[in-house]
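Notes follow once the structure below has been shown.
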Amino acid sequence: MFYFLKKNTAQVVAPATGQLIPIDQVEDEVFSNKMMGDGFAVRPTECGVFAPLAGKITTVFPTKHAIGITTEHGLEVLVHMGLDTVELKGDPFTVYVKLNDEVKPGDQLADMDLQKVAAGGKTNTIVVVYTNMDKLEDIPIVPTAEVSHGDEVEKLKYTK
């Protein structure tokens with residue numbers, strides 16, 4: 001499998017199995033209004049959460065609800081597991097990566113216990129956000145579709 005299609009292009013894959021949605025359909029204004037950046041989301045049907053692209057783990061939040069990945073081109077990507085799940089203090093999450101780990105698309109980052117998230121009154125939507133948009137030429141709008149983790153979602157083109 002090729003992860004970088006061209007020198008300045010990267011393949012992005014679904015971080016979970018479920019329903020792929022555009023970021024503007026996420027049930028949280030911070031994400032849907034792109035206040036943190038652009039991206040996409042998946043409403044998962046399974047607990048596994050996987051790396052959407054290649055890079056280095058640069059952040060693992062103490063509450064385990066979010067993981068940051070930085071690509072070799074300096075793009076910062078946030079994989080945010082659930083909405084308002086910081087309030088659950090890490091209970092629904094098992095994280096399998098640590099700072100400075102190198103990951104490739106499809107490597108498992110974590111498990112999210114969907115029942116515990118629901119029992120905590122939270123939404124399990126996984127949001128992938130590109131937080132430093134100046135590194136990208138543009139972001140393709142993803143269609144609403146059923147995906148399996150590892151399915152290609154979009155191709156990103158880095159600025160030169």
Side-chain angles (χ1 to χ4, degrees), residues 10 12-71 74-136 139-151 153-154 156:
V12 181
V13 301
T17 297
Q19 184 182 38
L20 175 69
I21 61 170
I23 198 166
D24 62 6
Q25 292 182 20
V26 172
E27 307 88 353
D28 180 294
E29 286 186 15
V30 171
F31 294 117
S32 64
N33 290 328
K34 304 178 185 179
M35 292 179 198
M36 293 183 66
D38 208 336
F40 64 93
V42 176
R43 293 181 180 131
T45 55
E46 297 177 4
C47 67
V49 181
F50 302 85
L53 71 174
K56 181 185 278 191
I57 302 297
T58 49
T59 309
V60 177
F61 282 71
T63 50
K64 305 177 191 174
H65 75 288
I67 296 171
I69 300 170
T70 301
T71 71
L75 179 66
E76 296 168 356
V77 182
L78 181 68
V79 179
H80 195 282
M81 297 176 277
L83 304 177
D84 297 323
T85 50
V86 67
E87 297 169 7
L88 302 178
K89 300 180 178 157
D91 186 45
F93 309 105
T94 303
V95 176
Y96 301 113
V97 293
K98 61 187 181 316
L99 284 180
N100 298 316
D101 282 356
E102 294 285 338
V103 295
K104 60 186 183 306
D107 284 353
Q108 189 161 12
L109 301 175
D111 279 324
M112 176 172 58
D113 186 320
L114 303 181
Q115 291 178 337
K116 283 186 179 179
V117 172
K122 307 301 178 193
T123 303
N124 63 18
T125 302
I126 298 168
V127 186
V128 175
V129 181
Y130 311 116
T131 60
N132 56 343
M133 296 293 299
D134 60 314
K135 298 285 184 184
L136 298 173
I139 303 292
I141 297 173
V142 300
T144 300
E146 294 301 316
V147 292
S148 294
H149 77 83
D151 288 352
V153 171
E154 60 190 356
L156 299 178

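All values below come from the heavy atoms of this structure, side chains included, with hydrogens, waters and symmetry mates left out.
A donor-acceptor pair under 3.5 Å links the side-chain atoms of Asp113 to the main chain of Gln115, judged by distance alone. Of the possible polar contacts, none joining the Thr70 side chain to the Lys56 backbone as a donor-acceptor pair under 3.5 Å is found. No donor-acceptor distance shorter than 3.5 angstrom exists from the side chain of Asp38 to the backbone of Met133, with no hydrogens or angles considered. For Asp28 (side chain) and Val30 (main-chain N/O), a donor-acceptor pair under 3.5 Å exists by modelled atom type.
Nearest heavy atoms, Pro15 versus Ile126: CG-CG2, 4.1 Å. Residues Gln108 and Tyr96 share a closest heavy-atom pair of NE2-CE1, 3.6 Å. Considering every non-hydrogen atom in both Gly74 and Asn132, the closest pair reads O-ND2, 2.9 Å. Annotation for Val26 and Leu83: closest pair CG1-CD2, 3.9 Å, computed over non-hydrogen atoms. Pro52 approaches Pro105 most closely through the heavy-atom pair O-CB, 4.3 Å. Across all non-hydrogen atoms, the minimal contact from Ala51 to Val103 is CB-CG2, 3.9 Å.
Looking at heavy atoms from C-beta onward, Ile67 lies in side-chain contact with Met81 at the 4.5 angstrom threshold. Residues Met112 and Val117 are in side-chain contact: their nearest non-hydrogen atoms beyond the backbone lie under 4.5 Å apart. Here the side chains of Leu78 and Phe61 are in contact, with some heavy-atom distance below 4.5 Å. Using a 4.5 Å heavy-atom cutoff, the side chains of Pro140 and Phe40 are not in contact. Annotation: side chain of Phe93 is in contact with side chain of Thr85 (closest heavy-atom distance under 4.5 Å).
Between the CD1 atom of Ile69 and the CD atom of Glu102 there is a distance of 10.5 Å, given to the nearest 0.5 Å. Expressed to the nearest 0.5 Å, how far CD of Gln19 lies from OG1 of Thr125 amounts to 9.0 Å. Leu88 contributes atom CG, which lies 10.0 Å from atom NZ of Lys116 (distance to the nearest 0.5 angstrom). To the nearest 0.5 angstrom, Phe31 atom CZ is 7.0 Å from Ile23 atom CD1. Note: Leu53 CG to Leu156 CG = 7.0 Å, rounded to the nearest 0.5 Å. Note that NE2 of His149 and CZ of Phe50 are 3.5 Å apart. Values are rounded to the nearest 0.5 Å.
Between His80 and His65, the ring-plane angle classifies as perpendicular under the 30° and 60° cut-offs.
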If you apply the rule side-chain contact (heavy atoms from CB on, under 4.5 Å), what do you find for Ile57 with Leu109, and how did you get there? CA-CA 9 Å; Ile57 302 297; Leu109 301 175; 4.0 Å; yes
Between Glu76 and Thr59, does a side-chain contact (heavy atoms from CB on, under 4.5 Å) hold up when you go through it step by step? CA-CA 10 Å; Glu76 296 168 356; Thr59 309; over 6 Å; no
Run the side-chain contact (heavy atoms from CB on, under 4.5 Å) test on Lys98 and Val60 for me, step by step, so that the C-alpha distance in whole Å, both residues' side-chain angles and the decisive distance to 0.1 Å come before the verdict. CA-CA 7 Å; Lys98 61 187 181 316; Val60 177; 5.7 Å; no
Check step by step if side-chain contact (heavy atoms from CB on, under 4.5 Å) holds for Tyr130 and Thr71. CA-CA 11 Å; Tyr130 311 116; Thr71 71; over 6 Å; no
